[in-house]
Amino acid sequence: GYHATSLDDVAASLGVTKPTIYRYLGNKEAVIFECLRRGLDELNAAAALARRQEGRSIERLRMFLCHYAHINMNDFGRCTIRTGEEYLGEESAAQIRAMKRQVDATLRELIAGGIADGDLRPVNVTYAAFALAGALNWPARWFDPAGADTPENVADALIDILLNGLREHHGGEPLE
C-alpha cells in the first residue's frame, strides 16, 4: 500500500534511481496522483467516445460500461479504484474528484438517454449510476489478471447481468 511503499521501492520497480523520480515527479504524492490521473484519463476517454457515438443510448451505455470494466481491471484503473484521496493534498484531490464527476456525468447521461429512448425502464438515474459503477468497480479488487478468465469475459458477463438482470422474463410481464 501507499504507506508501506517508499520511493526507493517505486524507483526499483521502474528500474530508475530515486533522484529520477524526484526530478520528474517530485514526491510520493505526485506519483500516486499521476497513477490516478492516468486511470481517470482512460475512463474519461471512454466516456468521450461513448458520447460521440451515433445510435441508441443503450448501445452507447453498453460500450461505455465495457470500457469502464476493462479499465478498472488494468493497472491504472485498479489504482484509481483502490486508492483513496486521503493520500493527496487538497488541490490534487479536487482535480481527481472533478475527473471522477465527469465519468459519473456521462454514465448518468447515458442511463437517462436509455430511459428516454424507452430501452431502460424509468429508474432513479443517480441510484442506477451508483449501482452500475459500484458493481464494475469491484473487479478492481477481486479480478486476477493471471487467472483463468479474461477481462473481456468478466466485463461481458457482468454487463449482461447488470443490464438484463438475473431473473428469467416470462411473457413480457414485469417482475415483482
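Nearest heavy-atom pair, H70 versus P151, reported as atom, atom and distance to 0.1 Å: CD2-O, 3.6 Å. When all heavy atoms are compared, the tightest approach of I111 to L120 is O-CD1, 3.7 Å. Considering every non-hydrogen atom in both A50 and L110, the closest pair reads CB-CD1, 4.0 Å. Between R97 and E85, the shortest heavy-atom contact is NH1-OE1, 3.0 Å. Considering every non-hydrogen atom in both R60 and G55, the closest pair reads NE-O, 3.6 Å. Of all the heavy atoms in L107 and A129, the pair that sits closest is CD2-O, 3.5 Å.
At least one donor-acceptor pair closer than 3.5 Å links the side chain of T83 to the backbone N or O of C79. E29 contributes a side-chain N or O that, together with a main-chain N or O of G89, makes up a donor-acceptor pair within less than 3.5 Å. At least one donor-acceptor pair closer than 3.5 Å links the side chain of N44 to the backbone N or O of M99. At distances below 3.5 Å, at least one donor-acceptor pair connects side-chain atoms of T80 with backbone N or O atoms of F76.
Between D104 and R108 there is a salt bridge, with a side-chain nitrogen of the basic residue lying less than 4.0 Å from a carboxylate oxygen of the acidic one.
The salt bridge (charged side-chain N to carboxylate O under 4.0 Å, His left out) search around D117 returns none, not counting sequence neighbours. Listed by chain and number, the residues in a side chain to side chain contact (heavy atoms under 4.5 Å, CB included) with L49 are R52, Q53, M63, H67 (sequence neighbours excluded). When the side chain to side chain donor-acceptor pair (under 3.5 Å) test is applied to R56, the partners found at least two apart in sequence or on another chain are D119. Every residue two or more places apart in sequence or in another chain was checked for a side chain to side chain donor-acceptor pair (under 3.5 Å) with E86, and none qualifies. Under the side chain to side chain contact (heavy atoms under 4.5 Å, CB included) criterion, E59 pairs with R62, sequence neighbours left out. Checked against salt bridge (charged side-chain N to carboxylate O under 4.0 Å, His left out), D156 has no partners two or more places apart in sequence or in another chain. Contacts of E54 classified as salt bridge (charged side-chain N to carboxylate O under 4.0 Å, His left out), with partners at least two apart in sequence or in another chain: none. With sequence neighbours excluded, the residues forming a side chain to side chain donor-acceptor pair (under 3.5 Å) with E34 are R37, listed by chain and number. In terms of the side chain to side chain contact (heavy atoms under 4.5 Å, CB included) criterion, residue partners of D149 (sequence neighbours excluded) are, by chain and number, N153, V154. Under the side chain to side chain donor-acceptor pair (under 3.5 Å) criterion, R51 pairs with T106, not counting sequence neighbours. A30 is linked by a side chain to side chain contact (heavy atoms under 4.5 Å, CB included) to L25, N27, counting only residues two or more places apart in sequence or in another chain.
Atoms CD1 and CG, from I71 and D75 in turn, are 13.0 Å apart once rounded to the nearest 0.5 Å. Note: L162 CG to L136 CG = 5.5 Å, rounded to the nearest 0.5 Å. Here R101 contributes atom CZ and L40 contributes atom CG; the two are 11.5 Å apart, rounded to the nearest 0.5 Å. Annotation: the span from L36 atom CG to Q95 atom CD amounts to 11.0 Å, rounded to 0.5 Å. Rounding to the nearest 0.5 Å places CZ of F64 at 6.5 Å from CG of L43.
Applying the side-chain hydrogen bond (donor to acceptor under 3.5 Å, both in side chains) test to residues at least two apart or on different chains, the pairs with a partner in residues 133-148 are Y68-N137, N72-N137.
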Exercise for the section: Start with the C-alpha gap between V123 and I115, add the side-chain angles, then the distance that decides, and say whether side chain to side chain contact (heavy atoms under 4.5 Å, CB included) holds. Expected result: CA-CA 8 Å; V123 295; I115 293 169; 4.1 Å; yes

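V103 is not connected to I81 by any chain of hydrophobic side-chain contacts under 4.5 Å among Ile, Leu, Val, Met, Phe, Trp and Tyr, and they are in different clusters.
For the pair R38 and F33, the cation does not sit on the ring face, since its NZ or CZ is not both under 6.0 Å from the ring centre and inside 45° of the axis.
R78 places none of its side-chain heavy atoms less than 4.5 Å from the side chain of C35.
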